[in-house]
Amino acid sequence: MLDLRLIRENPRLVEDRLSVRGMELNLSDLQELTILINKKDTELSNLQSESKKISKLIGNYYHNQKDSSTIEIEELKKNGDNLKSKISKLEQIKRDLNKKITDQILRLPNFPSEKAPKGKDESQNIEIRKWGNVLKRENLKSHWKLGEELNLFDTKRTAGISKSRFITLIGNGARLERALINFMLDTHQNNGYLELMPPALVNSESLRGSGQLPKFSNESFKCDEDDLWLSPTAEVPLTAFHRGEIIDPKLLPLKYVAYSPCFRREAGSYGKDTKGLIRLHQFNKVEIYWYSHPENSEEAHQKITSDAENILQKLNLPYRVVDICSGDLGFSSSRTFDLEVWLPSSNSYREISSCSNCLDFQARRSLIRTKQDKKSIFLHTLNGSGLAIGRTMAAILENGQQEDGSVKIPDVLIPYFGSSFIKTN
RNA sequence: GGAGAGGUGGCUGAGUGGUUGAAAGCGGCUCCCUGCUAAGGAGUUACAGGAGGUAACUUUUGUCGAGGGUUCGAAUCCCUCUCUCUCCGCCA
């Protein structure tokens, strides 16, 4: 959420800073509403103040019991009654205004960082570094082909269980998924992260807090009898974990790692990535998350990104880091580094992690603060996948494929997986 | 799902209509005292919005789970919702 005061006092600046996302905004109406509510608020305060005084006077009469001159009391009561009706009218006006304002302000995305590259879309993202040697060879198989040959997962039957874009992992496939989750959790834990295992269902308030609502309600699955949604990412419960709190600055940064299943409707992506593990309605993910003091969040962003990279390096998967341009940034993010893993079958890099600095955007929505010089200030939140499990499996299958059709398991995973190759039997 | 009890400040816990943003205790912070780790004393200690001031700050309003209502006046009474706890039922 953006600062309401900024919209009231300098809406042109807000329009300008959001324009690099490719949005053409006119905030004049919103600004007017904020000025109006401000005025009404002052009016209301004055009336309330008067009404309070009258109540105290009456209170005094009762208290002193001095042959309560009923005429005076009646007079005062009349005044009070008069004020009350004015007050309740104003309160109603304020409520309406407030609703209009929050409806609008919650739909405004975060300011892109000045450091993020300016650009319209994906094509203008900037590659900032590469790691590893990409596998290039004739007759490379896709991971879904390998998965079929090695009997690692099923989609056909699963469509009958649920629908398309769901998957059942089988045998070594299931085992590899588990191995990856445990390996990632252990690695992050050893690196100073505290593990949380959050619920998969979250309420609307939590989704609003991290920015998925109100704008993207059609991207999550909803249980409409309960005000609960299937969480699209652990970022949601991790943000909500400290909602409404004022966190002791001595405790910062708080670093969490969480495994969670993630559920996404993937509306509007019909026909894209219909095969394999890349785009599913349900997938597993290990998420890393920081609550940082505002002064340190830029540094924290570098750190969280390298913590995610660390996983790819340990798994020996080639990847590159991409600085997301202003037009391609997610709603809540001010700057994002995507990690893209090499997928040889498509001869390209695919997103496997997205590491974002949301600054105070989510903290403001979720009311998460810390103290500085006796004042409460919003802290900064950062999130990154560390990593998406399904896509990691796809990368391991494709990059580890051998001439004989088997797949080599990365060394660090062998203790978790239990053997060094996946072979047909 | 049925029955009951309850949600008060960082925590514990008073407060059932009148100057109560809220006693007391604990914890936290500041200062003082004491030559030892210990102990004692004084003060201070919620959040948000508005107005005024460069500022330290001053002032005003709101907030006792949330939202409505009754009343001149609500933490206290009424209604709705929500969460927690206990018992029963069901259940991994």
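The sequence lines fix the lettering, A, B, ..., with proteins before strands; numbering per chain opens at 1.
Between B/rG49, B/rC72, B/rU61, one nucleotide has an atom nearer to the side chain of A/Ser49 than all others, and that is B/rU61. For A/Lys84, the listed nucleotide lying nearest its side chain is B/rG73; candidates were B/rA46, B/rG50, B/rG73. Among B/rA48, B/rG69, B/rU61, the nucleotide with an atom closest to any side-chain atom of A/Lys52 is B/rU61. Of the candidates B/rG62, B/rA48, B/rG50, B/rG50 carries the atom nearest the A/Asp41 side chain, counting heavy atoms from C-beta on.
A/Asn38 comes within 4.0 angstrom of the backbone, heavy atoms only, and of no base. Using a 4.0 Å heavy-atom distance criterion, A/Leu44 is classed as making no nucleic acid contact. No contact: A/Lys78 has no heavy atom under 4.0 Å from any strand.
Comparing the C1' positions of B/rU44 and B/rG9 gives a spacing of 15 Å, expressed to the nearest Å. Taking atom P on both B/rC64 and B/rU58, the two are 25 Å apart, rounded to the nearest angstrom. On the C1' atoms, B/rU60 is 50 Å away from B/rG1, given to the nearest whole Å.
For A/Phe183 and A/His188, the distance between ring centers is not under 6.0 angstrom.
Remark: A/Arg8 is not in phosphate contact with B/rG49, judged by side-chain N or O atoms under 4.0 Å from OP1 or OP2.
Nucleotide B/rG62 forms a pair with B/rC47, judged by Watson-Crick or G-U wobble geometry with both contacts under 3.5 Å. In this structure B/rG6 sits in a base pair with B/rC83, meeting the Watson-Crick or G-U test at under 3.5 Å.
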